[in-house]
Number of protein chains: 2
Amino acid sequence: MSDPALPYRPHDHDACVAQALADARSICKAHNARLTPIRERVLELIWQSHQPLGAYELLAALANDGRNAAPPTVYRALDFLQQYGLVHRIASLNAFIGCAHAGACHTSLFLICRHCRNTLEISSSTVSAAVTQTAQAHRFVAEEAIMEITGQCPGCSPEHETQPHD
Amino acid sequence: MSDPALPYRPHDHDACVAQALADARSICKAHNARLTPIRERVLELIWQSHQPLGAYELLAALANDGRNAAPPTVYRALDFLQQYGLVHRIASLNAFIGCAHAGACHTSLFLICRHCRNTLEISSSTVSAAVTQTAQAHRFVAEEAIMEITGQCPGCSPEHETQPHD
DNA sequence: CGGCGGATGTTATAATGTTGCAAACATTGA
DNA sequence: TCAATGTTTGCAACATTATAACATCCGCCG
Ligand SMILES: [Zn+2]
Ligand SMILES: [Zn+2]
Ligand SMILES: [Zn+2]
Ligand SMILES: [Zn+2]
């Protein structure tokens, strides 16, 4: 599993990606689902980027691989990956990011830096409890929650006067 | 101001719309902004619907008015209305809804019924405090929050065995 | 009047996402 | 092995959502 304890910090991202792919293979195996080359490659491309990737960026990357891909190819792979909880869609960006807690049941909150676009997935029990409670107070049966916070990450925050990282 | 104390309940929605328009006029006046006929009509159309409306649905409604409208017309009106906090965009639906707390600074959470599509805007201090706290814990400067909860409203919830309302 | 700026009209195009069908491929069981 | 079956991919067309660029109109001020 990737290390959510080191947000926004430089780290051995190749290892991070490799781990995510290994996790994905094991999750798919457990569900008897086929992590085909295309699906695995899409997941890898998503993980290699710290910023959420759009479907058409993925498409371009696949074309770059020499692969013959059309929009449905990428959307189908993304559907599959979302279905097994391996990626999340960021609605405010029309883009996709690897799930940092794949395999675990979780409600996520995303911190999206509007400067460097780095996006951190957080599973906050405080927030999800507050949301659940609020929904219940309105007798609403919550099924899915989208929580996307846009702002500035520590590396891009003006008060620190540091270089934005990428 | 519309009455958020009566979510999902039948009510005098014409009065509700009239009030929202009156509020909008006063807010625009205070900001020296021009609530032109198109802008006001778009806001009215949005308010008349309990479900969030898509830009092209608004476009069709304007065409129905006999007005000669193209996409930029509607998107410009929506930009204006968003700028003055009169409508919100629901990212997960690519649609727009009237703000239930126009004029007040607020962070909103939306409860979206996947059955009847009715959408309730809630300003929960518990949730926003939890979000702020979580962001701060990651040294993230939060600027904007999108919180959209999809599920079933009381009228559509199966346990109540009632008719879904619309 | 004449210039200025904001608002709208108009056309075209970009960006994102879907449908439907056929070919290729994997899996299973005779 | 080989046909039967279901899944995945290729492919073409299309649908939906959003923006760019430029012309025109309209109210306002001097
Ligand atoms: Zn996740
Ligand atoms: Zn940043
Ligand atoms: Zn609001
Ligand atoms: Zn409902």
Side-chain angles (χ1 to χ4, degrees), chain A residues 24-25 28-29 31-46 49 51-84 86-97 117 146 148, chain B residues 24-25 28-29 31-46 49 51-84 86-97 117 146 148:
Chain A
R25 278 187 285 264
C28 287
K29 194 159 211 168
H31 289 76
N32 226 20
R34 292 165 54 192
L35 189 61
T36 62
I38 290 183
R39 292 167 177 172
E40 183 168 333
R41 179 62 176 141
V42 167
L43 183 58
E44 183 182 25
L45 286 165
I46 288 176
S49 165
Q51 294 87 21
L53 282 183
Y56 281 73
E57 291 177 289
L58 287 165
L59 198 52
L62 287 180
N64 222 32
D65 283 359
R67 192 179 286 274
N68 209 343
T73 304
V74 120
Y75 281 105
R76 285 190 287 227
L78 289 168
D79 284 348
F80 174 89
L81 295 171
Q82 283 182 269
Q83 190 179 331
Y84 289 97
L86 301 173
V87 307
H88 293 289
R89 177 168 196 271
I90 307 294
S92 58
L93 299 177
N94 294 333
F96 300 83
I97 191 170
R117 300 244 152 198
I146 290 179
E148 301 169 12
Chain B
R25 279 187 284 264
C28 287
K29 193 159 211 168
H31 289 77
N32 225 22
R34 292 167 54 191
L35 189 62
T36 62
I38 290 183
R39 292 167 176 172
E40 182 167 334
R41 179 62 176 141
V42 167
L43 182 59
E44 185 181 25
L45 286 165
I46 288 176
S49 165
Q51 294 87 20
L53 282 183
Y56 281 73
E57 292 176 289
L58 288 165
L59 198 53
L62 288 180
N64 222 32
D65 284 359
R67 192 178 285 275
N68 205 342
T73 302
V74 120
Y75 282 104
R76 285 191 287 229
L78 289 169
D79 284 347
F80 174 89
L81 295 171
Q82 284 182 270
Q83 189 179 332
Y84 289 97
L86 302 173
V87 306
H88 293 289
R89 179 169 194 271
I90 307 293
S92 58
L93 300 176
N94 293 334
F96 301 83
I97 191 169
R117 300 244 151 198
I146 290 179
E148 300 169 11

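Values below: every heavy atom of this structure, side chains too, minus hydrogens, waters and symmetry copies. We name chains A, B, ... by the order of the sequence lines, and we start the count at 1 in each one.
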Going 5' to 3' along nucleotides 5-10 of chain D, which nucleotides have protein heavy atoms under 4.0 Å from the base (write B), which only from the sugar-phosphate (write S), and which from neither (write -)? --SSBB
Can you measure A/L62 atom CG to D/dC11 atom C1' for me and round it to whole angstrom units? 15 Å
Which pair of non-hydrogen atoms, one from A/L43 and one from A/V87, has the smallest distance, and what is that distance? CD1-CG1, 3.6 Å
Polar atoms only, N or O, under 3.5 Å: list the protein pairs with nucleotides 16-18 of chain D and their distances.
{"residue": "D/dA18", "atom": "OP1", "partner": "B/R89", "partner atom": "NE", "Å": "3.4"}
{"residue": "D/dA18", "atom": "OP1", "partner": "B/R89", "partner atom": "NH2", "Å": "2.1"}
{"residue": "D/dA18", "atom": "OP2", "partner": "B/Y75", "partner atom": "OH", "Å": "2.9"}
{"residue": "D/dA18", "atom": "O5'", "partner": "B/Y75", "partner atom": "OH", "Å": "3.4"}
{"residue": "D/dA18", "atom": "N7", "partner": "B/Y56", "partner atom": "OH", "Å": "2.6"}
{"residue": "D/dA18", "atom": "N6", "partner": "B/Y56", "partner atom": "OH", "Å": "3.4"}

Whole Å only: how far is the CG atom of B/N32 from the C1' atom of C/dG5? 14 Å
Which atom pair, heavy atoms only, marks the closest approach of A/V74 to A/A55? CG1-O, 3.6 Å
Over how many whole Å does the gap from A/D79 atom CG to C/dT16 atom P extend? 17 Å
Trace of the side chain to side chain contact (heavy atoms under 4.5 Å, CB included) decision for B/I46 with B/L78: CA-CA 10 Å; B/I46 288 176; B/L78 289 169; 3.7 Å; yes
Applied to residues 86-97 of chain A, the side-chain hydrogen bond (donor to acceptor under 3.5 Å, both in side chains) test, sequence neighbours excluded, yields A/H88-A/H106, A/H88-A/E121, A/R89-A/N94, A/S92-A/E148
Side chain to side chain contact (heavy atoms under 4.5 Å, CB included) between B/L93 and B/R117, worked out: CA-CA 10 Å; B/L93 300 176; B/R117 300 244 151 198; 3.2 Å; yes
Using the C1' atoms of the five pairs at each end, what is the angle between the end axes of the helix from C/dC1-D/dG30 to C/dA30-D/dT1, to 10°? 10°
Validation: residues 56-66 of chain B side-chain donor-acceptor distances under 3.5 Å, sequence neighbours left out:
{"residue": "B/E57", "atom": "OE1", "partner": "B/G54", "partner atom": "N", "Å": "2.6"}
{"residue": "B/D65", "atom": "OD1", "partner": "B/R41", "partner atom": "NH2", "Å": "3.0"}
{"residue": "B/D65", "atom": "OD2", "partner": "B/R41", "partner atom": "NE", "Å": "2.6"}
{"residue": "B/D65", "atom": "OD2", "partner": "B/R41", "partner atom": "NH2", "Å": "3.4"}

ring-ring contact (aromatic ring centres under 6.0 Å, His included) partners of B/Y84, counting only residues at least two apart: B/H31, B/F80
Report the residues that fulfil side-chain hydrogen bond (donor to acceptor under 3.5 Å, both in side chains) with A/R25, sequence neighbours left out, ordered by chain and then residue number. A/E40
Please assess A/T73 against A/R67 for the test side chain to side chain contact (heavy atoms under 4.5 Å, CB included), listing each intermediate value before the final yes or no. CA-CA 10 Å; A/T73 304; A/R67 192 179 286 274; 5.6 Å; no
Could you give me the CA-CA distance, side-chain angles and deciding distance for B/L35 and B/L81, then say whether side chain to side chain contact (heavy atoms under 4.5 Å, CB included) is met? CA-CA 9 Å; B/L35 189 62; B/L81 295 171; 4.2 Å; yes
